[in-house]
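So the structure is just underneath, and the comments pick up after that.
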Amino acid sequence: MSEDDLLSLYREQVLAHARSPHGRGEPPAFDLCAKGQNPLCGDSLTVFANEDSEGKFQFFFEGTGCAI
């Protein structure tokens, strides 16, 4: 796979996730929460995590910003 092919694939994946993100939304209950903001461009992100009985985490997020 060429570098151009990889860049195209990466671009497609980023844009596809921006159109239809997985894990978006605040869960009704969560074990951990972290917030961040980029003061230069205004992007903001809040990440939520739930830990199950086996120690595995499930992540959710809320945020605004550009696709990249």
Side-chain angles (χ1 to χ4, degrees):
M1 188 175 267
S2 73
E3 184 176 341
D4 286 339
D5 291 336
L6 288 172
L7 288 172
S8 178
L9 177 62
Y10 174 75
R11 188 176 306 113
E12 289 173 24
Q13 291 298 312
V14 168
L15 292 175
H17 183 70
R19 283 188 221 90
S20 180
H22 305 283
R24 171 168 264 172
E26 182 176 336
F30 50 87
D31 298 315
L32 302 168
C33 176
K35 296 180 181 187
Q37 185 168 7
N38 183 336
L40 298 177
C41 67
D43 290 358
S44 64
L45 180 68
T46 304
V47 178
F48 306 94
N50 286 321
E51 184 178 12
D52 68 14
S53 60
E54 296 176 4
K56 296 178 185 173
F57 284 89
Q58 185 176 21
F59 293 93
F60 304 88
F61 75 96
E62 282 289 334
T64 58
C66 65
I68 58 169

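Along the sequence shown, the residues carry numbers beginning at 1.
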Same apolar cluster: Phe60 and Leu45, side chain cutoff 4.5 Å: no
Give the cluster check for Phe57 versus Val47: same hydrophobic cluster or not, with ILVMFWY residues linked at side-chain heavy-atom distances below 4.5 Å. yes
Might you point out which heavy atoms bring [X] and [Y] nearest each other, and give the distance in Å?
| X | Y | answer |
| --- | --- | --- |
| Arg24 | Gly63 | NH2-O, 3.2 Å |
| Cys33 | Phe48 | SG-CE2, 3.8 Å |
| Asp31 | Asn50 | N-OD1, 3.2 Å |

Report the residues that fulfil side-chain hydrogen bond (donor to acceptor under 3.5 Å, both in side chains) with Ser8, sequence neighbours left out, ordered by chain and then residue number. Glu12
Report yes if some heavy atom in the side chain of Tyr10 is under 4.5 Å from a heavy atom in the side chain of Leu6; otherwise report no. no
d(Thr64 OG1, Gln37 CD) to nearest 0.5 Å is 7.5 Å
